[in-house]
2 protein chains.
Amino acid sequence: MSIHKMMNFETKSAIKNALIIQIEEVGFERVTVKNLASTANINRGTFYLHYKDKFEVMEDLQQELLNELESYVKHVQPLEAFHILKTGQLYQPFVEVITCIKEHATAFRVILGEQGSPAFSKRMKEVFSNQILDRLSVIGEELQDSGFQQYLKAFLASAILGVIQEWLDRGNEDVSVEELATIHSRLVLFICNLTSTQY
Amino acid sequence: MSIHKMMNFETKSAIKNALIIQIEEVGFERVTVKNLASTANINRGTFYLHYKDKFEVMEDLQQELLNELESYVKHVQPLEAFHILKTGQLYQPFVEVITCIKEHATAFRVILGEQGSPAFSKRMKEVFSNQILDRLSVIGEELQDSGFQQYLKAFLASAILGVIQEWLDRGNEDVSVEELATIHSRLVLFICNLTSTQY
DNA sequence: ATTAGTATCAACACTGTGTTCAGTAAAGGA
DNA sequence: TCCTTTACTGAACACAGTGTTGATACTAAT
């Protein structure tokens, strides 16, 4: 019926796309290989030529999203960001991170959502923590004990992700990428101010 | 072999306990009714006398934990807390919330964890948001637009939960209940100060 | 002694899994 | 053009777990 013989790459993409659709419909828990195959318009046997099970598809999809996210988060220079934010301007690398998330909004929303994967939010927090907060914490290093710093990092990484999740859940339309960046800036600025002056 | 004929209540408890054990071992995804029954030392048929499927057990367990959590969170009076924290003292209702979580540490850690349920963290955040933040936001009401407030709530609820998760993941032994309450206080005080004075 | 409540055990059809194997259709190099 | 490779199909298989049913048994309260 359809134009068969896709390339290896296209089929894998179709399966990952089918996973997003199926999670949204029935939740990851209830997704079956059978459903995945029929949603992707491939034979069930073909599925097993590419993936071991639905968990491997999820892992592949998450890794794809995290890699792209990380490539943008990397460009955030905490100290530079801090100075630009203080002047009330938008810090561009931050806007690009949010743009990246908006481009894959459905995937992020679904996987982070109630029907998604409990591991993904932890992995996203790790990206923020490793790429931003580890470099930012230098500011208050002499002033704070390392125990407190661990919790400060957990606090901030969760907070940043929480705001993104709220935005995704609200359909990411009421607030533009620039507005969300502004909201983040206002919130983060609160903390940056304090970690460098108080305690 | 064992002393059979438990009460309805005891069997349900045994099943819920088996769920926690099984999630930790294989992850909620891979938990089966068969495993649950054998872990709880009951017949598989008996399981169906109490629950429809593993999802219903999870729902029951989550509701149980959330109800208890909420009963403690209710006693937190944000304004009162704010004044006590400013003096450097511990706010007792807050300590009791953390004690409640410590008492069910395994359950909270496992369900919030990577192998747990993606919906639970959202529900916990809602408890914090509804019971604490909704009453706290009155402070800055005239000063902030409601859009920003929504995101501030998401920011804080996620941050609070993030710190608790970090604590649970670290085995909740390195830091005592009182120390965690202090850490929370220091972090929350940052924000409270700002929401009531700045902007 | 009867009854209600709780649990056991075995059997059932059913759905989804993971694998295998024979077959097909297109792309492209010799 | 022939031939090999690559990518997929379709049918079959044994196997795991599901959800239900019907017969049975123990225990406690009335």
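Protein chains get the first letters and strands the later ones, always in sequence-line order, with residue 1 at the start of each. Not measured: the values here are computed from a predicted model.
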*If you measure from CZ on B/Phe55 to OG on B/Ser117, what distance do you get to the nearest 0.5 Å?*
10.0 Å
*According to a strict under-4.0 Å criterion, is B/His50 in side-chain N/O contact with OP1 or OP2 of C/dA7?*
yes
*Pairwise distance CG(A/Leu180) to NE2(A/His184) - rounded to 0.5 angstrom*: 5.5 Å
*Are the side chain of A/Asn17 and the backbone of A/Ser13 linked by a donor-acceptor contact shorter than 3.5 Å?*
no
*Ion pair present between A/Arg123 and B/Glu114, side-chain N to carboxylate O less than 4.0 angstrom?*
no
*Close approaches to DNA chain C from residues 51-62 of chain B, in residue order (heavy atom, under 4.0 Å)*: none
*Can you tell me the distance, in whole Å, between the CG atom of B/Leu49 and the C1' atom of D/dT21?*
12 Å
*In whole angstrom, what separates B/Phe47's CZ from D/dG17's P?*
14 Å
*Of the non-hydrogen atoms in B/Thr11 and B/His50, which two are nearest, and what is the gap between them?*
CG2-NE2, 3.5 Å
*Kindly say whether, by distance alone, the side chain of A/Arg44 makes a donor-acceptor pair under 3.5 Å with the base of C/dG16?*
no
_Minimum-distance nucleotide to A/Lys34 side chain [options: C/dT17, D/dT18, D/dT9]_ = C/dT17
_Single-linkage hydrophobic cluster, 4.5 Å side-chain cutoff, A/Ile21 and A/Ile23 together_ = no
*How many Å lie between CD on A/Glu10 and P on C/dA26, as a whole number?*
16 Å
*Taking atom P of D/dG17 as reference, at what distance in whole Å does atom CD of B/Gln22 sit?*
11 Å
*Test: B/Glu166 and A/Lys153 ion pair at under 4.0 Å*: no
*Intra- and inter-strand pairs of DNA chain D in dot-bracket (Watson-Crick or G-U wobble, both distances under 3.5 Å; | for another strand)*: ||||||||||||.||.||.|||||||||||
*Distance, rounded to the nearest Å, where A/Arg30 contributes CZ and D/dG17 contributes C1'*: 15 Å
*Check the angle between the aromatic planes of A/His104 and A/Phe108 and answer parallel, tilted or perpendicular using the 30° and 60° thresholds.*
perpendicular
*D/dG10 phosphate, OP1 or OP2, under 4.0 Å from A/Asn43 side-chain N/O*: yes
_Test: B/Arg186 cationic atom under 6.0 Å from A/Phe155 six-membered ring centre, within 45° of axis_ = no
_In this structure, how many angstroms lie between the P atom of C/dT15 and the CG atom of A/Asn35, rounded?_
13 Å
*asked:* Please tell me if A/Thr32 has a side-chain N or O lying less than 4.0 Å from either OP1 or OP2 of C/dG16.
replied: no
_Syn/anti state of D/dA7 by chi, 90° boundary around 0_ = anti
*Would you say a side-chain N or O of A/Tyr48 is under 4.0 Å from OP1 or OP2 of C/dT19?*
no
